[in-house]
Visitor: 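Submitted below is the structure of interest, expressed as structure tokens.
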Amino acid sequence: MPPRSRLIGLGALLLLLVISPPFLSSYLLTLLTQALIYGILAMSLDLLLGYTGLPSLGHAAYLGVGAYSVGVLTTRYGAGFWFTLAVGVLVAMVVAAVFGLVALRATGVYFLMITLALGMVIWGLAHRWVSMTQGDNGISRIPRPDLGLPWSLANPLPFYYFALGGFLLALWILWVIVQSPFGQSLVGIRESESRMRTLGYDVWLHKYIGFVIAGTIGGLAGVLWAYYNGFVSPADVELATSVEALLMVALGGRATLLGPAVGAAAIVFLKNLVSVYTHRWLLILGAVYIGTIVYAPEGIAGAVSELQSKRGGRAGRPQAKAEA
Amino acid sequence: MEFWVIQTFNGVSYGALLFLLAGGLSIIFGMMRIVNMTHGSYYLLGGYVGLTAIWRTGSFPLAILLGALAIAAIGLGEYNAFLKRLSGQELGQVLTTMGFALIFQDLGLVLWGGDPYTIPVPAVLSGSYQFGELFFPIYRVFIVVVAAAVAVILWLVLERTRIGAMIRATVDDAEMARGVGINVSSISMAVFALGAFLAAVGGVVAGGFVGVYPGADFEILPYAFVVVIVGGMGSLKGALIGSLMVGLLDNFGKALFPELSYFTLFAPMAAILAIRPTGLFGRA
């Protein structure tokens, strides 16, 4: 279990997320909503990258599958929220289940390249399967969901709380998973695959289940993204989005769950605020990529715990150890 | 019949272009295990530099040479300053090279603007050969010839020279190679620069038929990766066969099943991986 100071910090952060929004401008509110949704994506990738040690370069695929499910179901069939949610998440799960079979045959650099190529399959379908996805035009005018609540989700504030609900759900699920014996085994696999195998663990099955869970939760992010944006296009599925998700995890700090969510928020705010002031935001984003690796290889969370241990406080982020 | 001949020819010529990128990429992968997201940028920037060179000098061969040398220097700088110290850190490599790819993308926009350009090709290379009813653009034949020449030279260097033997030794077992006194780090540097050089040659050559435009970098990158995955890392033969396969699959996929064209490219790749996880000619 994490130290108490960490729990207090977590509680304060959540409280802030719950009570501050009514006082924020609607622009900040939409950015914060966006940060929450990308936070879900980054946390789900963290299960793979941070906890299992599998750097997937195709995680945008699940975001895309979830988002396109929403786009097609709502604009063509007028499907309701719960049905769309179930289908979107389920389709992402199926895609992850298929991709996992192929990708997990490889390790290391090969795993990176194979997940990249698999991600491109989804991008290719989004781009080319015009009769289903409307190609580069994307699917627009996706309506906000109607949950039969007194507050319309078309307004930024109710939608923010809606996204916050999704975020907390994903955080809770992932938190339970990484604390469970299963999650600890994933960490064991990250640290030493051969040792886990010798101990009798079915390494492949553990990785596979982790892979499918990560994809499924990525699908949840996609469902929310489509509802938030009202629009889905191949740009949501492209390689740059997958790499950006990796950056969010690395920037926030691997294997910390909330770290990647903070990383996601940092990138979302950076992209939007910088692009207000300059057209050269690609240059700045590129510098952030390089700077993260050069100056903060352990991410924000790593920097924070280093600071704590320097002060002589409770040292280090909770390093999960494989239970032998 | 006509359809099949022309599409096969188009596929082979696109495969030839891919080989220029993937040949170097494959050896880089094999030696240094670097997932280089900047490789597509080398291709695009090479095209841009070649474009400027041909505007200034009017010479096509000079455009290829200048483009390739400039990019080789950029690649060398990137490798020396950043990638060398990230060996073995896949995530660090991906993010660093992605950072460079974004910076180069923006640099391309600043220096050359957002408009697509075509590199003017010399009169000798324009026009078509005609066989009966069929026309074969000379320029595409030229690309096949260039790629074949590069393949032969690379093969000769790798198989018949001392340096080639050192490279192969490093691909097989870098630690052992270092142990027997091979200067692995200089060889790695040279190979990295060569990969960038070839990618830029590809970029200039491609500028003559698909053009030079923003976005070309990330468009071609996945193709180059797929070639390496299918062929196997570090194998020249694999890169050659992989390039032809990907070129043909892509071309026939686009012609026969336009809506599923990427699927027809990636599904066979997945099938090959299911049977041979290290690619057709790769070793674990």
Side-chain angles (χ1 to χ4, degrees), chain A residues 49-50 53 55 57-58 98-99 101-114 116-133 135 238-240 242-244 246-247 249-251 254 279-294 297, chain B residues 29 32-35 37 40 78 82 85-86 88-107 109-110 218-219 221-223 225-226 228-230 232-233 253-254 257-267 269-271 273-279 282 284:
Chain A
L49 174 65
L57 242 180
V98 175
F99 283 5
L101 288 178
V102 179
L104 288 176
R105 292 184 58 84
T107 51
V109 186
Y110 265 106
F111 181 81
L112 271 167
M113 287 195 293
I114 290 168
L116 177 147
L118 292 170
M120 292 309 289
V121 174
I122 300 298
W123 175 82
L125 287 176
H127 177 62
R128 283 275 182 167
W129 193 8
V130 181
S131 58
M132 181 64 98
T133 64
E238 66 185 11
L239 179 57
S242 289
V243 189
E244 215 165 277
L246 280 179
L247 174 67
V249 178
L251 179 64
R254 274 168 280 169
H279 290 298
R280 300 275 73 84
W281 66 272
L282 273 178
L283 206 72
I284 293 169
L285 189 63
V288 171
Y289 273 94
I290 300 169
T292 301
I293 294 309
V294 174
Chain B
F29 270 128
M32 294 160 253
R33 308 268 147 157
I34 289 179
V35 179
M37 310 292 287
E78 183 186 341
F82 291 92
R85 63 184 84 169
L86 290 173
Q89 302 174 36
E90 291 136 16
L91 182 71
Q93 292 166 356
V94 169
L95 294 180
T96 304
T97 53
M98 184 67 185
F100 276 104
L102 292 176
I103 289 173
F104 289 152
Q105 192 182 351
D106 212 34
L107 210 63
L109 276 175
V110 173
F218 282 107
E219 199 175 297
L221 185 69
Y223 283 87
F225 278 140
V226 171
V228 177
I229 297 171
V230 168
M233 292 193 291
K254 277 180 179 155
F257 315 99
E259 292 223 310
L260 298 175
S261 60
Y262 287 88
F263 204 72
T264 55
L265 176 63
F266 290 103
M269 180 205 76
L273 286 173
I275 303 161
R276 285 189 64 95
T278 52

Visitor: Do the side chains of B/M269 and A/V102 get nearer than 4.5 Å, heavy atoms only?
Guide: no

Visitor: Measure the spacing between CG of A/L118 and CH2 of A/W123 and express it to the nearest 0.5 Å.
Guide: 15.0 Å

Visitor: Does some side-chain heavy atom of A/M113 sit less than 4.5 Å from a side-chain heavy atom of B/F29?
Guide: yes

Visitor: Answer whether the closest heavy-atom distance between the side chains of B/V228 and B/F225 falls below 4.5 Å.
Guide: no

Visitor: Which answer fits B/L265, side chain, backbone, both or neither, if we ask what part of it has an atom under 4.5 Å from a heavy atom of chain A?
Guide: neither

Visitor: Tabulate below the donor-acceptor pairs under 3.5 Å that side-chain atoms of residues 95-102 of chain B make, not counting sequence neighbours, or state none.
Guide:
residue	atom	partner	partner atom	Å
B/T96	OG1	B/G92	O	2.7
B/T97	OG1	B/V35	O	3.4
B/T97	OG1	B/M37	N	3.2
B/T97	OG1	B/Q93	O	2.7
B/T97	OG1	B/V94	O	3.1

Visitor: Taking side chain as everything from C-beta outward and backbone as N, CA, C, O, which of these in A/A240 sits under 4.5 Å from a heavy atom of chain B? Side chain, backbone, both or neither.
Guide: both

Visitor: Could you look at A/L116 and say if it's the side chain, the backbone, both or neither that has a heavy atom under 4.5 Å from chain B?
Guide: side chain

Visitor: Do the side chains of B/I103 and A/I290 get nearer than 4.5 Å, heavy atoms only?
Guide: yes

Visitor: Check whether B/F82 gets within reach of chain A through its side chain, its backbone, both or neither, counting any heavy atom under 4.5 Å.
Guide: side chain

Visitor: In terms of heavy-atom proximity below 4.5 Å to chain B, should A/L239 be classed as side chain, backbone, both, or neither?
Guide: side chain

Visitor: Is it the backbone or the side chain of A/L246 that comes under 4.5 Å from a heavy atom of chain B, or both, or neither?
Guide: both

Visitor: Less than 4.5 Å to any heavy atom of chain B: does that hold for the side chain of A/L57, its backbone, both, or neither?
Guide: side chain

Visitor: Is it the side chain or the backbone of A/V288 that comes within 4.5 Å of chain B heavy atoms, both, or neither?
Guide: neither

Visitor: Going by heavy atoms in the side chains, are B/L260 and A/R128 under 4.5 Å from each other?
Guide: no

Visitor: Residues in ring pair (Phe, Tyr, Trp, His ring centres under 6.0 Å) with B/Y223, at least two apart?
Guide: B/Y14

Visitor: Quick one: what part of A/S131 sits under 4.5 Å from any heavy atom of chain B, side chain, backbone, both or neither?
Guide: both

Visitor: Nearest 0.5 angstrom please: A/I114 CD1 to A/F99 CZ, how far?
Guide: 12.0 Å

Visitor: Quick one: what part of A/P297 sits under 4.5 Å from any heavy atom of chain B, side chain, backbone, both or neither?
Guide: neither

Visitor: What part of A/V109 gets within 4.5 angstrom of chain B, counting heavy atoms only: side chain, backbone, both, or neither?
Guide: both

Visitor: Out of A/G119, A/A103, A/G108, which one racks up the most heavy-atom pairs below 4.5 Å with chain B?
Guide: A/G108

Visitor: With only heavy atoms counted, which part of A/L101 is less than 4.5 Å from chain B, the side chain, the backbone, both or neither?
Guide: neither

Visitor: Does any heavy atom of chain B fall under 4.5 Å from the side chain of A/L282, the backbone, both, or neither of them?
Guide: both

